[in-house]
Enquirer: 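Structure below; questions to follow.
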Number of protein chains: 2
Amino acid sequence: MTSTEVSPPETTHRPEALADSIRAAGLRVTAPRLAVLLALAESPHSTADRLFASVRTDLPGTSLQAVYGVLAAFTAAGLTRKIEPSGSAALFERRVGDNHHHIVCTRCGTVRDVDCAVGAAPCLTPEDASGFAVQAAEVTYWGVCPTCQVELATTLSSAPLLLNKGAR
Amino acid sequence: MTSTEVSPPETTHRPEALADSIRAAGLRVTAPRLAVLLALAESPHSTADRLFASVRTDLPGTSLQAVYGVLAAFTAAGLTRKIEPSGSAALFERRVGDNHHHIVCTRCGTVRDVDCAVGAAPCLTPEDASGFAVQAAEVTYWGVCPTCQVELATTLSSAPLLLNKGAR
DNA sequence: GTCCTTGTTTTGAATTACTCAAAATAAGAC
DNA sequence: GTCTTATTTTGAGTAATTCAAAACAAGGAC
């Protein structure tokens, strides 16, 4: 229980550390679970499908449903967090327990973490919440990532994909 | 002609006004489009499916795909806005062009508009955007709506559904 | 170390939300 | 009224995710 730590490099990749965090969450340690956690350390914002592909290289017998199961268990246990940016499949990340947000590239879909704009608990206070008891605020920024900015400037410019924010 | 009562806001419910706004967006005026717009006036945050059901009562021949088509055209034309709160199907609303956000009830899924907490263009400036050129910021609040608060307090309390924010 | 219980994964199928495409239809300019 | 072209219908397909039963294995009991 306790300790949803935020992770120093060692704890994010060392098998024993990974196993410990799984156990600490009250879950059994299994190969697919370790593999998913490791894959998430390598690409911190991944779809189930991407993780499945990654896990498969080490553990060819693993099924996609297993990955979904692992992610559901992890997310329920607070070991991972699930985010669902408009227009993409759900993404999972290991950075949990802090209140951070995300910026998504409207051209290539890349996601980066963004710390709270306004201190620790940000936009958590809408002026008029219509009587709702507010529990959380989730911010998604949309923009063009550095790489795509360059590509656009270089007039490699083809039609920008425009994920689906502005119009569309 | 002359004066229908002042009951519904005129521009959001009057057929001619609806038709005008569709035409103004450069689109042809059709029965399904009018019906969708009207249905949206009645429930301002609706899924395609909900709108389909609503439209069907007046226009039984309408297909679900037509509704999807109408909504895609409207959204591309800036006549409606599409929002996709985690864990639910896409919702559509007619309030566009202003920068407003949403609060979603974690128990029943109800959605309400929320005006910007921090002036007109809010969290639009993350402290560190990792070099992204930020185009938009989207805020989703999660909480318990007044009705559900009462129901929970009344210890009608069954297991709260917990849409899917905190854990799960 | 072996056994047993119970959580986890596999296997196989179903579901939801949504998209695509061709043919039929109808708005609106003429 | 006619014609062009946007829109809708009809019919099918897909991606992401979930459900359920049976096989399997982690970790505590012995």
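Proteins come first, then strands; the chains are lettered A, B, ... in the order of their sequence lines, and each starts at number 1.
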Enquirer: Would you check if there is a donor-acceptor pair between the side chains of Q135(B) and T106(A) at a distance under 3.5 Å?
Expert: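 A donor-acceptor contact under 3.5 Å links the two side chains.
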
Enquirer: The side chain of R23(B) lies closest to which of these nucleotides: dT8(D), dT17(D), dG28(C)?
Expert: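 Nearest to the side chain of R23(B) among the choices is dG28(C).
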
Enquirer: F74(B) has an atom CZ; how far is it from atom C1' of dT8(D), in whole Å?
Expert: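 Rounding to the nearest Å, CZ of F74(B) and C1' of dT8(D) are 13 Å apart.
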
Enquirer: Out of dC18(C), dT17(D), dT11(C), which nucleotide sits closest to the side chain of Q65(A)?
Expert: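 Given the options dC18(C), dT17(D), dT11(C), the side chain of Q65(A) is closest to dT11(C).
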
Enquirer: What's the CZ-C1' distance between R50(A) and dA16(D), to the nearest Å?
Expert: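 It is 17 Å, rounded to the nearest whole Å.
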
Enquirer: Go through dC18(C), dT9(D), dT10(C) for me and flag the one nearest to the A90(B) side chain.
Expert: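 So the side chain of A90(B) is nearest to dC18(C).
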
Enquirer: With sugar-phosphate meaning primed atoms plus P, OP1 and OP2, does S63(B) contact a base, only sugar-phosphate, or nothing at under 4.0 Å between heavy atoms?
Expert: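 Base, at least one base atom sits under 4.0 Å.
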
Enquirer: Which nucleotide sits closest to the side chain of V70(A): dG28(C), dT9(C), dT17(D)?
Expert: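 Of the options given, the side chain of V70(A) lies nearest dT9(C).
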
Enquirer: What is the distance from CG of D49(A) to P of dT17(D), rounded to the nearest Å?
Expert: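 D49(A) atom CG is separated from dT17(D) atom P by 9 Å.
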
Enquirer: Take the protein atom CG of L71(A) and the nucleotide atom C1' of dT8(C), then report the distance between them rounded to whole Å.
Expert: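 Whole-Å distance recorded here is 14 Å.
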
Enquirer: Do T110(A) and I103(A) have side chains that get closer than 4.5 Å, going by heavy atoms?
Expert: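 The answer is no, as the side chains (C-beta and beyond) never meet within the 4.5 Å cut-off.
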
Enquirer: Would you call R14(B)-E16(B) a salt bridge at under 4.0 Å N-O?
Expert: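 Yes, charged N to carboxylate O under 4.0 Å.
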
Enquirer: Does a donor on one side chain and an acceptor on the other come within less than 3.5 Å for D113(A) and H45(A)?
Expert: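 Yes.
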
Enquirer: Give the rounded distance in Å between these two atoms: CZ of F52(B) and P of dT19(C).
Expert: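 Going from CZ in F52(B) over to P in dT19(C) covers 16 Å.
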
Enquirer: So which nucleotide from dT18(D), dT5(C), dT9(C) ends up closest to the side chain of K82(A)?
Expert: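 Closest of the options to the side chain of K82(A): dT18(D).
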
Enquirer: Would you mind reading off the distance between L64(B) atom CG and dT15(C) atom P, rounded to a whole angstrom?
Expert: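 Nearest whole value for this atom pair: 17 Å.
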
Enquirer: Could you give the CD1-to-C1' distance, from I83(B) to dA17(C), as a whole number of Å?
Expert: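 Result: 16 Å.
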
Enquirer: Determine: side-chain N/O of R33(A) to OP1/OP2 of dT8(C), distance under 4.0 Å, yes or no.
Expert: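 Answer is yes, contact under 4.0 Å.
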
Enquirer: Under a 3.5 Å threshold, yes or no: a donor from one side chain and an acceptor from the other, between E93(A) and H102(A)?
Expert: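 H102(A) and E93(A) do have a side-chain donor-acceptor pair below 3.5 Å.
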
Enquirer: Y68(B) has a side chain; which of dC18(C), dT9(D), dT17(D) sits nearest to it?
Expert: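 Side chain of Y68(B) sits closest to dC18(C).
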
Enquirer: Across the strands shown, which category fits L27(A) at heavy-atom distances under 4.0 angstrom: base, sugar-phosphate, nothing?
Expert: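 L27(A): backbone/sugar contact only, no base atoms under 4.0 Å.
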
Enquirer: Side-chain N or O of T30(B) less than 4.0 angstrom from OP1 or OP2 on dA26(C)?
Expert: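 The answer is no; no side-chain N or O of T30(B) sits under 4.0 Å from OP1 or OP2.
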
Enquirer: Any side-chain heavy atom of L59(A) sitting closer than 4.5 Å to one from T62(A)?
Expert: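 Contact flag for L59(A)/T62(A) side chains = yes.
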
Enquirer: How close or far is atom P of dT17(D) from atom CD of E84(B), stated in whole angstroms?
Expert: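 After rounding, the gap between these two atoms is 12 Å.
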
Enquirer: Of all the nucleotides listed (dA26(D), dT18(D), dT7(D)), which has the minimum atom distance to the side chain of R28(B)?
Expert: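 Shortest atom-to-atom distance from the side chain points to dT7(D).
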
Enquirer: For a quick test of reading the model: is some side-chain N or O of T47(A) closer than 4.0 Å to OP1 or OP2 of dA16(D)?
Expert: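 For dA16(D), OP1/OP2 do not have a side-chain N/O of T47(A) under 4.0 Å.
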
Enquirer: Among dT10(C), dT5(D), dG11(D), which is the nearest nucleotide to the side chain of A66(A)?
Expert: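 The closest nucleotide is dT10(C).
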
